[in-house]
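Written below as C-alpha cells is the structure these notes are about.
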There are 2 protein chains.
Amino acid sequence: MTRILLVDDQSLVRVGFRTILETEPGFEVVGEAADGRDAVTKAKELRPDVICMDVQMPVLDGLAATREICEGDSGASVLMLTTFDRDDFLFEALRAGASGFLLKTAEPEHLIDAIHALARGDALLAPAVTRRVIERFATPDGTTTLPEAAELDTLTERERETLMLLARGHSNGEIAERLYVGEATVKTHVSNVLMKLGIRDRIHAVIWAYEHGVVQAGTGSVPTVE
Amino acid sequence: MTRILLVDDQSLVRVGFRTILETEPGFEVVGEAADGRDAVTKAKELRPDVICMDVQMPVLDGLAATREICEGDSGASVLMLTTFDRDDFLFEALRAGASGFLLKTAEPEHLIDAIHALARGDALLAPAVTRRVIERFATPDGTTTLPEAAELDTLTERERETLMLLARGHSNGEIAERLYVGEATVKTHVSNVLMKLGIRDRIHAVIWAYEHGVVQAGTGSVPTVE
DNA sequence: AGGCGCCTCAGTCGTGCGGGGGAGTGTGGA
DNA sequence: TCCACACTCCCCCGCACGACTGAGGCGCCT
C-alpha cells in the first residue's frame, strides 16, 4: 500500500487529486495539508511514502517544506507539482530534495505512474523539464569548456566594456566617467547590450555576466557603500 | 504503439528483454543491435521511440552510441541499462543524453514502467542512483566550504529568502508573489538587507550574493526575457 | 560616392527602486 | 507584565534607469 500525503493550498486541487488517486488500487491518501508548515508536521505524523507537494503556498512554500522534510529522516519521496514551468522552481526543487517534478497539466494516469515510480524510490521528471536537467549535467563545470556565450560575440568592443563595468555594479554615471564619455552614450550602450542579450534590465545583465563567466566570483571588488 | 530497439551484445539478454516487453500491450520491439555502431544505424533506420541500451559493448560502447544518437534528430529516448552501479557510467550516460538509467537487476514491471515513462518523454532514474543525482545538484563542485559571510547571520529568515530571490533577478513584485506578501513588505525586507549588508542598491546585492556564495553560477536560471 | 556599422550625444517619458517616515500584529524572553 | 524583535503593510518623494526618437561624425567597404 502506497501512503500519500497531498499538499496544496487550494482545496479544490486536493479534492481533484484525491479523486484521481483513489481510483488506483494500492494507493491510500492518508492526509492533506494546506501549507508548507502543516505539510512538515503531517509528514512526521503520518509517515507517507509519497508527498504530492505544490510549489506556491502560503506560510511556508513547497520548496522550503521539501527541504525540511528531506533533511529529516521521514523516508518520504516528494513529488513537486507546479502550474508554471519555471527553471528556478525546478532546480530549487531538486536541490531541496524532491524526487519528482511534474506540471499540473499532466494527465491523471501520468500522475499515477509518477507516484508508482516515486514509491519505488525512483526519480521522475516531466517531459518539458527533462532536457534542461540533462543540459545542466552536460556542463557541470568549466572543464567541459563552457559555451562561452555566442551572444557575447554580437556585442561590440564598447558594449563589452560597458557590460564588464555594469557587472561590477557601476552606475551609468560611473561607467561614463571610466570610459570618458557622456552618460547618454553609456545609456545607449547599455540599451544595446540588453537588447542583444535579450534580457530586461541591468540586474539580469549582472546575473548573465556571472552565469556566463564574463565576470567571476572572487576576481572583482566586493560591493560596499563605505 | 511504443517502438522499442534493444541494444545488448549478449543475445541471451536481448531474448530476455524481448520476452518481458512483448507481454506488455502497446509495446513493439522493432529491432535489435549487438553493438554501438549497429545501434546508431538501426536507430536511424527503424526510428524507435525508446532504445534500451547496454553500457558495455564491443566496437562502440553504449555511452558513445547514445551520444551519437542524441546528437542526431532521431527523437528516440535512450534508457541506459547496466550490470554495474557505477557513478561514472551514470554521469557519462546523462551527459551523453540518456533519459533513463536502470540496473539490470530491476524487476520486469519496473523496466516496463520505465519504458512507458521514456515514451512520454520523461526521465527516469533507478532508486539506487537517484540520491547521487540529487547530491550532484546540491553541490555543483567539490568545494562545499564557502566564505559564509558573517553578515548573512545578521539577516532574518525572511530577509535571506528575499536576498535569494533578489539575487536571481526577481523584481520586488515578483518576490512578493513568491512569498505571498505585499510589495511594501518586500521593499521593507530589501531595505533591511541593503542596510545590514552595507550596500547601496539591489544590483550590489546581486554581486554580493555571487561573491559570497549565497548563489553560485550555474545553479540557477539564466535570465532571459522569455 | 554612397552605404553601413560603430561611437557619440540630446531630449522626453514612464516606471521601478530606495529612503523616509509611521503603524499594527504575534511571539518569546526578561 | 513589558519589551524586543520579526513580519506585515501604508504613505510620500526623488531619482536612476531604460525605451524611444533623432542626430552628427568617423572609418571601411563596394
Can you name the side chain to side chain donor-acceptor pair (under 3.5 Å) partners of A:E161, sequence neighbours left out? A:R158
Non-neighbouring partners of A:T156 that pass side chain to side chain donor-acceptor pair (under 3.5 Å), sequence neighbours left out: A:E159
Which residues pass the ring pair (Phe, Tyr, Trp, His ring centres under 6.0 Å) test with A:H170, sequence neighbours left out? none
Tell me what A:T156 touches on the nucleic acid: a base, only sugar-phosphate, or nothing, going by heavy atoms under 4.0 Å.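 Sugar-phosphate, no base atom in range.
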Select base, sugar-phosphate, or nothing to describe what A:E159 touches, counting heavy atoms under 4.0 Å on all strands.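 Since no nucleic acid heavy atom lies under 4.0 Å of A:E159, the category is nothing.
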A:V7 side chain near A:L5 side chain, heavy-atom distance below 4.5 Å: yes
Checking [X] now: which residues fulfil side-chain contact (heavy atoms from CB on, under 4.5 Å) with it, not counting sequence neighbours?
X: A:T188; result: A:N192
X: A:N172; result: A:E183, A:V186, A:K187, A:V190, A:R202
X: B:T41; result: B:E45
X: B:A117; result: A:L124, B:R120, B:D122, B:L124

Assign a letter to each nucleotide of nucleotides 10-30 of chain C from its 5' end: B, base within under 4.0 Å of a protein heavy atom; S, sugar-phosphate only; -, no contact. B------SBS-----------
Non-neighbouring partners of B:R160 that pass salt bridge (charged side-chain N to carboxylate O under 4.0 Å, His left out), sequence neighbours left out: B:E157
Heavy atoms of chain B, cut-off under 4.0 Å: which first and last nucleotide of DNA chain D, 5' to 3', fall inside that, if you could look? D:dA6 to D:dC10
Over the length of the helix from C:dA1-D:dT30 to C:dA30-D:dT1, how much do the five-pair end axes diverge, rounded to 10 degrees?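 Overall, the helix from C:dA1-D:dT30 to C:dA30-D:dT1 bends by 30° from one end axis to the other.
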Keeping to residues at least two apart or across chains, list the side-chain hydrogen bond (donor to acceptor under 3.5 Å, both in side chains) pairs with something in residues 59-69 of chain A. A:R37-A:E68
